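Okay, structure first, notes after.
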Amino acid sequence: MPLFSRRAVAAASALALAVGLAGCATASGPGSAPALPSDDPTATAQLHAAWLDDGRAVGIVTEGSSTCVPMADEPTYADGVLTVELADPEGQACTKDLVPRASVVTLPSGVDPAAGLSIVVTGTYAGEADLEGDDALTGVPGDPTEYLPSAGWFDSGALVILTWGSSTCLPVAESVTATGPSDVTAVFATPPADQVCTADIAPRVLVTAVDGLQEQSGAHLTLQGDKFDGVRIPIAG
């Protein structure tokens, strides 16, 4: 991972294994590393991105506080370029840690996941990222999500995992490991029996790194524990 520090991804993984990470936004092939937010309105940063939700969405990976995931405005699309604004949530106290986190952006109609996508981010995290096309993605941007788990690579050995459910009861990963030449297994903890959750359905995001995987192309992810026992999904990108 030459551009996005594996140490930073490992820090995000460690935090996620303890408390989970939420990507609350408007709801790929690799990009390159984001910089910290800048007060310079002309400053830009290269970003990471990953295909999610079978091509209906992307996860845009930035670096900053784990408790203040950037919010995405409504994206626009024209001539193969997706433009979206990312900004930190207003009026929210943020921890001072520095980790990669992902904002989920639902793609508008007209995007063709098989053809690839250029992403231009404006706002606090201004920058650009490119996603290679993926013929295996069969979701149609603009169509409603099916609320199924999904995952996508955003760099060598680093991926974004998306699940759906209550925004107040995040799944807690106990481990994310390579369990075969092209297989990754994420084990989630069983939630407490007395846990009370809101009835909303929101995207929940885990940014993590995997060591020891021999073949990233065509890799699959198996989700175990919590409500995901036995779910096996392809990792896009």
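Computed from a predicted structure; not experimentally measured. By convention here, the first residue in the shown sequence is residue 1.
Counting only distance, with no hydrogens or angles, the side chain of W164 and the backbone of E146 share no donor-acceptor pair below 3.5 Å. Side chain of T67 to backbone of C94: no donor-acceptor contact under 3.5 angstrom is found. Looking only at distances, no side-chain donor or acceptor of W51 sits under 3.5 Å from a matching main-chain atom of P113. At distances below 3.5 Å, not a single donor-acceptor pair connects side-chain atoms of E63 with backbone N or O atoms of L98. Listed for the S182 side chain is no donor-acceptor partner under 3.5 Å among the backbone atoms of G218. Within the 3.5 Å criterion, the main-chain N or O of P70 finds no donor-acceptor partner in the side chain of R101.
Distance check: L221 CG to L159 CG gives 6.5 Å after rounding to the nearest 0.5 Å. Rounding to the nearest 0.5 angstrom, the gap separating the CZ atom in F228 from the CG atom in L223 is 6.5 Å. With rounding to the nearest 0.5 Å, the separation of CZ in R56 from OG1 in T138 is 7.0 Å. I233 CD1 to T222 OG1: the interatomic distance, rounded to the nearest 0.5 Å, is 8.5 Å. Rounded to the nearest 0.5 Å, atoms OG (S118) and CD (E128) are 8.0 Å apart. The CD1 atom of I119 lies 8.0 Å from the CG atom of L47; values are rounded to the nearest 0.5 Å.
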Which pairs of donor and acceptor atoms, one on a side chain in residues 183-198, lie under 3.5 Å apart (sequence neighbours left out)?
from : atom 1 : to   : atom 2 : distance (Å)
D183 : OD1    : R232 : NH2    : 2.8
T185 : OG1    : T179 : OG1    : 2.9
T198 : OG1    : S166 : OG     : 3.0
T198 : OG1    : T168 : OG1    : 3.1
T198 : OG1    : D200 : OD1    : 2.5

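The two residues Q216 and G157 make their nearest non-hydrogen contact at OE1-N, 2.8 Å. Considering every non-hydrogen atom in both V210 and A178, the closest pair reads CG1-N, 3.7 Å. The minimum heavy-atom distance linking L107 with A57 is given by the pair CG-CA, 3.9 Å. Residues P75 and T106 come closest through the heavy atom pair CG-O, 3.4 Å. Across Y77 and P108, no two heavy atoms sit closer than the pair CB-CG, 3.7 Å. Closest of all the heavy-atom pairs between L52 and V160 is CD2-O, 3.8 Å.
V81 and V121 are assigned to two separate hydrophobic clusters, defined by single-linkage of ILVMFWY side chains at heavy-atom distances under 4.5 Å.
Side-chain N/O atoms of D53 and S150 include no donor and acceptor closer than 3.5 Å. Using modelled atom types and a 3.5 Å distance limit, the side chains of T124 and D88 yield no donor-acceptor pair.
No side-chain heavy atom of L148 sits less than 4.5 Å from a side-chain heavy atom of D54. The closest side-chain heavy-atom distance from L162 to P149 is not below 4.5 Å.
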